[in-house]
Amino acid sequence: MTTIAVTGASGFCGSHVARTAAARGARVLCVGRRPGPVGEHVPWDAAADVPDLADADLVVHCAAAVGDPVPGSPAEAVMRAVNVDGTARLLAAAAGRPVVWVSSASVYAPLPVRSPITEDHPVHGQLNAYGRTKAAGEALALAAGAVVLRPRAVYGAGDPHLVPRLLARVRRGLLLLPGGDVELSLTAVENLADACLAAADWPPGAYNVADAEPYRRDGTVAAVLRAHGVPARIGRIPRGAAHAAAAAAEAVCRLRRSAEPPLTRYAVDQLARTVVLDTARARRQGWTPRRVLSDHLADVAAATAPGGRARAG
């Protein structure tokens, strides 16, 4: 029986990887501060400690500090301690074992034209601390011979970030989006979990992971709102105005040493420009995305319907 260590298994992506691995007959070690949904708990503080991976045959590293803190904030320091220094400790503990390191499409340079993005797209100039620390962490992983996966905007059951933040921005039945309608890649958490477990046999290097086809932003947002029973219409504000408002919000938070602004340039960029990932490299390894957004939204609608069991995400 293969033993798979999943870091961050109590979190969103890690819990899906752990459950999927267990369902396929693996022994699962849930490595992190809290126990995961299945398997055995191996305590680890990614910001401070070296994990015990002695029993693992494969390491899937999902643990990460996420968010959009302003530069110089305590939250940014924590993010670096987890995403960069924690990676170095994990790689040392892996001691030659195969490692699948979950990165993010946030590492890609925010150039004006980003469609389609291959793994050779420049990795620099990230707009926030998350992108910068993920880029630094994945550089360590790549140098160590790991497989690095780059999903974009991961969604699914239990999502604590993407959809909740979107719903929270509805005001008086209106959701404002920056700029015009664009195409965006999204990644179902089930597709990411499949890639994490398949990637142990892939050649070292970086691989984009996303759903089979990109989505139109405005139609997708409208479908998400409907599935969650949120009556709202979509409005648009000029991209330049949204960018200026985000820069002002960041400046205020920087002066106050606040952890995270209510609006950031990164958030505007992610919604206002076409960002489509080319997944051909992963597909050549035999991986095929099996899940699409409509599958998830059907589950959400069923769970929130009268008599259904409501759940987040």
Side-chain angles (χ1 to χ4, degrees), residues 1-32 36-42 44 46 50-64 83 86-105 107 118-119 134 137-152 154 156 187-212 277-291:
M1 177 185 295
T2 300
T3 299
I4 301 176
V6 181
T7 71
S10 63
F12 172 43
C13 295
S15 65
H16 280 268
V17 174
R19 289 191 188 97
T20 303
R24 296 178 184 178
R27 176 191 175 208
V28 179
L29 306 177
C30 294
V31 184
V38 295
E40 307 162 39
H41 181 213
V42 177
W44 180 45
V50 176
D52 180 3
L53 303 176
D55 291 341
D57 300 309
L58 166 67
V59 180
V60 180
H61 184 50
C62 299
N83 296 349
T87 292
R89 287 186 284 268
L90 175 100
L91 294 170
R97 294 172 177 81
V99 173
V100 176
W101 200 90
V102 178
S103 185
S104 167
V107 303
T118 70
E119 292 82 357
K134 291 298 282 187
E138 77 160 38
L140 297 175
L142 289 170
V147 170
V148 168
L149 303 182
R150 293 171 177 164
R152 183 183 188 277
V154 182
T187 308
V189 71
E190 294 87 352
N191 293 337
L192 176 59
D194 287 347
C196 284
L197 298 178
D201 297 324
W202 298 356
Y207 297 83
N208 290 333
V209 177
D211 292 359
L277 300 184
D278 183 328
T279 60
R281 182 177 292 180
R283 288 171 180 267
R284 286 195 294 269
Q285 300 303 319
W287 171 80
T288 301
R290 59 184 172 88
R291 184 91 164 164

**Report entry** Side-chain (Lys134) to main-chain (Ala64) donor-acceptor, under 3.5 angstrom
**Finding:** no
Requested in this report: Step by step, work out the side chain to side chain contact (heavy atoms under 4.5 Å, CB included) result for Val100 and Leu149.
Outcome: CA-CA 7 Å; Val100 176; Leu149 303 182; 3.8 Å; yes
**Report entry** Heavy-atom pair with the smallest gap, counting every atom of Pro51 and Val31
**Finding:** CB-CG1, 4.0 Å
**Report entry** OG-CD distance between Ser104 and Glu138, expressed to the nearest 0.5 angstrom
**Finding:** 9.0 Å
Query raised in the report: How far apart are the closest heavy atoms of Ala280 and Asp278, and which atoms are they?
Result: N-OD1, 2.8 Å
**Report entry** Asp211/Arg291 salt bridge by N-O under 4.0 Å criterion
**Finding:** no
**Report entry** Candidate pair Asn191 and Arg290, rule side chain to side chain contact (heavy atoms under 4.5 Å, CB included), full reasoning
**Finding:** CA-CA 6 Å; Asn191 293 337; Arg290 59 184 172 88; 3.7 Å; yes
Query raised in the report: What's the spacing between Arg97 CZ and Leu91 CG if we round to 0.5 Å?
Result: 12.5 Å
Query raised in the report: Got a second to check how far Arg150's CZ is from Trp101's CH2, nearest 0.5 Å?
Result: 9.5 Å
**Report entry** Evaluation steps, side chain to side chain contact (heavy atoms under 4.5 Å, CB included), between Cys30 and Val42
**Finding:** CA-CA 6 Å; Cys30 294; Val42 177; over 6 Å; no
Query - Closest non-hydrogen atom pair between Ala210 and Thr187, with its separation - result: CA-OG1, 3.4 Å
Query - Where Leu277 and Pro151 come nearest, the two heavy atoms and their spacing - result: CD1-C, 4.3 Å
Query raised in the report: If you look at every heavy atom in Ile4 and Ala21, which pair is closest and at what distance?
Result: CD1-CB, 4.0 Å
Query raised in the report: Would you say Glu40's side chain and Val28's backbone share a donor-acceptor pair under 3.5 angstrom?
Result: no
Requested in this report: Take Asp194 and Arg24, measure what salt bridge (Lys or Arg N to Asp or Glu O under 4.0 Å) needs, and give me the verdict at the end.
Outcome: CA-CA 11 Å; Asp194 287 347; Arg24 296 178 184 178; 2.6 Å; yes
Query - Heavy-atom check, side chain of Pro203 versus side chain of Gln285, under 4.5 Å - result: yes
Query raised in the report: Taking atom CH2 of Trp287 and atom OH of Tyr207, what is their separation to the nearest 0.5 Å?
Result: 12.5 Å
Requested in this report: Write down the atom of Cys196, the atom of Val17, and the distance for their closest heavy-atom approach.
Outcome: SG-CG2, 4.0 Å
Query raised in the report: Once you round to the nearest 0.5 Å, how far does CD of Glu190 lie from OG1 of Thr20?
Result: 7.5 Å
What pairs of donor and acceptor atoms, side-chain ones from residues 53-63 against any protein atom, are under 3.5 angstrom apart with sequence neighbours left out?
{"residue": "Asp57", "atom": "OD2", "partner": "Thr3", "partner atom": "N", "Å": "2.8"}
{"residue": "His61", "atom": "ND1", "partner": "Thr7", "partner atom": "OG1", "Å": "2.6"}

Query - Side-chain donor or acceptor of Arg281 paired with backbone N/O of Ala206 under 3.5 Å - result: yes
Requested in this report: Under the side chain to side chain contact (heavy atoms under 4.5 Å, CB included) rule, what do Leu192 and His16 come out as? Steps first, then yes or no, please.
Outcome: CA-CA 9 Å; Leu192 176 59; His16 280 268; over 6 Å; no
